[in-house]
Number of protein chains: 2
Amino acid sequence: MAHNHDEKLKIAAANMPNDRVLFELSDLFKVFGDTTRMKILFSLFEGELCVCAIAELLKMEQSAVSHQLKILKNANLVSFRREGKTNCYFLADEHVKSIIAQGLVHIEEEI
Amino acid sequence: MAHNHDEKLKIAAANMPNDRVLFELSDLFKVFGDTTRMKILFSLFEGELCVCAIAELLKMEQSAVSHQLKILKNANLVSFRREGKTNCYFLADEHVKSIIAQGLVHIEEEI
DNA sequence: TTATCATATGAATATACATTCATATATTTG
DNA sequence: CAAATATATGAATGTATATTCATATGATAA
């Protein structure tokens with residue numbers, strides 16, 4: 001036990017969210033932390049798209065896109081509706097854009 | 001080439017950010033996507049802390065904390081100042097809180 | 001029903017990464 | 001200077017995960 005910082009530690013500890021919140025928060029951001037998923041989200045900014053359209057746009061295999069869409073769906077970032085043989089995916093709500101917008105502000109401020 | 005979705009694809013493609021932005025964005029969110037780093041960020045919400053204080057608070061090895069602080073520093077989420085033998089880390093700017101706040105809004109809205 | 005199209009999914013693989021361990025660096029104190 | 005303290009860092013390891021491949025499911029059309 002080296003130098004003392006009990007006061008500051010108490011304050012920091014008192015303001016630390018519980019584990020559930022910490023896990024859910026980092027799990028949420030983890031979903032944004034992948035280029036493929038980020039591309040998928042941006043592709044849905046202007047409206048819904050079916051899986052094969054996304055795959056064509058990103059030049060990726062349909063399977064890979066489906067796997068990532070599942071992750072996005074589990075995180076409540078996208079939803080979909082069935083239309084005949086296709087599944088049309090769309091952004092689940094406006095938070096998605098808000099969160100990305102905050103990220104954009106940050107990266108655009110680096111000199 | 002199955003059914004047609006050229007119109008929607010054009011719109012989506014036109015609004016897709018360039019690769020640099022996509023990479024920087026997902027790289028930024030990736031940094032938030034880890035429980036340890038999230039804890040470190042929250043521990044700095046009320047003010048600066050030295051490395052050993054963070055390690056003590058999180059009950060983690062100093063080395064692990066240092067490694068994660070480096071990642072946070074590279075992402076411009078934290079800065080530090082030298083004070084004698086210790087390094088005092090603090091949040092780099094208010095974006096950090098804004099981004100986390102947006103994430104909190106999202107996870108708290110799940111029913 | 002059979003064939004086709006659109007999507008989902010399990011298993012396998014390759015890569016990314018968080019933590020640990022050992023050690024290096026830097027500052028202060030004796 | 002040597003010893004102690006605070007931190008940083010490279011290498012190794014184990015785990016998480018993105019993609020691919022093969023295949024299953026589900027809907028429509030012939």
Side-chain angles (χ1 to χ4, degrees), chain A residues 1-6 8-9 22-23 26-41 43-44 48-75 77-90, chain B residues 1-6 8-9 22-23 26-41 43-44 48-75 77-90:
Chain A
M1 176 83 74
H3 69 280
N4 189 296
H5 31 50
D6 288 349
K8 288 184 171 180
L9 274 191
L22 290 166
F23 268 103
S26 50
D27 276 357
L28 172 66
F29 286 119
K30 195 177 295 177
V31 177
F32 286 95
D34 175 82
T35 312
T36 296
R37 288 191 291 267
M38 189 59 71
K39 285 182 191 170
I40 292 176
L41 292 174
S43 72
L44 301 178
E48 66 180 21
L49 286 178
C50 63
V51 179
C52 66
I54 299 173
E56 191 180 332
L57 179 66
L58 305 194
K59 304 187 202 320
M60 287 184 60
E61 291 199 9
Q62 169 269 318
S63 175
V65 172
S66 265
H67 278 296
Q68 297 309 322
L69 281 169
K70 186 174 190 176
I71 293 172
L72 290 166
K73 187 159 57 70
N74 287 343
L77 300 184
V78 304
S79 290
F80 73 95
R81 62 183 184 81
R82 193 66 158 155
E83 184 176 287
K85 282 181 290 191
T86 76
N87 279 358
C88 295
Y89 281 81
F90 51 90
Chain B
M1 174 84 74
H3 70 280
N4 188 295
H5 32 50
D6 287 349
K8 287 183 174 182
L9 273 192
L22 290 166
F23 268 101
S26 50
D27 276 356
L28 172 66
F29 286 120
K30 196 177 296 179
V31 177
F32 286 95
D34 175 83
T35 312
T36 296
R37 289 190 291 266
M38 188 61 70
K39 284 182 191 171
I40 292 177
L41 291 175
S43 73
L44 301 178
E48 66 180 21
L49 286 178
C50 63
V51 179
C52 66
I54 299 173
E56 189 179 334
L57 180 64
L58 306 193
K59 303 187 203 319
M60 288 184 61
E61 291 199 7
Q62 169 269 319
S63 174
V65 172
S66 265
H67 279 297
Q68 297 309 322
L69 281 169
K70 185 174 191 178
I71 293 173
L72 290 166
K73 188 159 55 70
N74 288 342
L77 299 184
V78 303
S79 288
F80 73 96
R81 63 182 184 81
R82 192 69 155 151
E83 184 176 289
K85 283 181 287 192
T86 75
N87 280 358
C88 295
Y89 281 80
F90 50 90

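What you see is a predicted model; the values in this text were computed from it and never measured. Chain identifiers are assigned alphabetically (A, B, ...) following the order of the sequence lines, protein sequences preceding nucleic acid strands; residue numbering begins at 1 within each chain.
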Asks: The criterion is salt bridge (Lys or Arg N to Asp or Glu O under 4.0 Å); which residues satisfy it with D34(B), sequence neighbours excluded?
Replies: none
Asks: Looking at T86(A), does any N or O in its side chain come under 4.0 Å of the phosphate oxygens OP1/OP2 on dC5(C)?
Replies: no
Asks: Can you measure E61(A) atom CD to dT13(C) atom P for me and round it to whole angstrom units?
Replies: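 One finds 17 Å between P of dT13(C) and CD of E61(A), rounded.
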Asks: I need the M38(B) CE to L28(A) CG distance, nearest 0.5 Å.
Replies: 8.5 Å
Asks: So which nucleotide from dT7(D), dT17(D), dG10(D) ends up closest to the side chain of K30(A)?
Replies: dT17(D)
Asks: At what distance, to the nearest 0.5 angstrom, does CG of L49(B) lie from CG of L9(A)?
Replies: 6.5 Å
Asks: Between the protein and nucleotides 23-28 of chain D, are there any N/O to N/O pairs under 3.5 Å, and if so, what are the atom names and distances?
Replies:
none

Asks: Give the table of side-chain donor-acceptor pairs shorter than 3.5 Å for residues 62-73 of chain A, with sequence neighbours excluded, one pair per line with atom names and distance.
Replies:
| from | atom 1 | to | atom 2 | distance (Å) |
| --- | --- | --- | --- | --- |
| Q62(A) | NE2 | S66(A) | OG | 3.2 |
| Q68(A) | OE1 | R37(A) | NH1 | 2.6 |

Asks: Send over the distance from M38(A) CE to dA18(D) P, rounded to a whole Å.
Replies: 13 Å
Asks: Contact list please: residues 65-72 of chain A against DNA chain D, heavy atoms, distance less than 4.0 Å, in numerical order.
Replies: H67(A), Q68(A), I71(A)
Asks: Using a 4.5 Å cut-off on heavy atoms from C-beta on, say whether the side chain of C50(B) contacts that of H3(A).
Replies: yes
Asks: Mind calculating the distance between CD (E56(B)) and P (dT5(D)) to the nearest angstrom?
Replies: 15 Å
Asks: In whole angstrom, what separates K39(B)'s NZ from dT19(C)'s P?
Replies: 9 Å
Asks: Map D34(A) and A53(B) onto DNA chain D by nearest heavy atom, then report which one ends up closer to the 5' terminus.
Replies: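 On the 5' side of the pair lies A53(B).
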Asks: Taking distance alone, no hydrogens or angles, what donor-acceptor pairs closer than 3.5 Å link side-chain atoms of residues 77-86 of chain B to residues at least two apart or in another chain?
Replies:
| from | atom 1 | to | atom 2 | distance (Å) |
| --- | --- | --- | --- | --- |
| R81(B) | NE | E48(B) | OE1 | 3.0 |
| R81(B) | NE | E48(B) | OE2 | 3.4 |
| R81(B) | NH1 | E83(B) | OE1 | 2.8 |
| R81(B) | NH2 | E48(B) | OE2 | 2.4 |
| R81(B) | NH2 | E83(B) | OE1 | 2.7 |
| R82(B) | NH1 | K85(B) | O | 3.1 |
| R82(B) | NH1 | N87(B) | OD1 | 2.9 |
| T86(B) | OG1 | E83(B) | O | 3.1 |

Asks: Quick one: side-chain contact (heavy atoms from CB on, under 4.5 Å) partners of T35(A), sequence neighbours excluded?
Replies: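 Expected list: K39(A), L22(B), F23(B), S26(B).
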Asks: Without decimals, in angstroms, what is the distance between I54(B) CD1 and dT19(C) P?
Replies: 14 Å
Asks: What is the distance, to the nearest angstrom, from the CG atom on N87(B) to the P atom on dT28(C)?
Replies: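 These atoms are roughly 12 Å apart.
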Asks: Applying a 4.0 Å non-hydrogen cut-off, can you work out what F80(B) is touching in the nucleic acid: base, sugar-phosphate, or nothing?
Replies: nothing
Asks: Could you state the interatomic distance from OG (S43(A)) to CG (L57(A)), rounded to the nearest 0.5 Å?
Replies: 6.0 Å
Asks: If I take atom CZ in residue R37(A) and atom P in nucleotide dA16(D), what distance separates them, rounded to the nearest angstrom?
Replies: 15 Å
Asks: Taking atom C1' of dA29(D) as reference, at what distance in whole Å does atom NE2 of H3(B) sit?
Replies: 16 Å
Asks: Does some side-chain heavy atom of Y89(A) sit less than 4.5 Å from a side-chain heavy atom of V51(A)?
Replies: yes
Asks: Check the phosphate of dT9(D) against S63(B), side-chain N and O only, distance under 4.0 Å to OP1 or OP2. Yes or no?
Replies: no
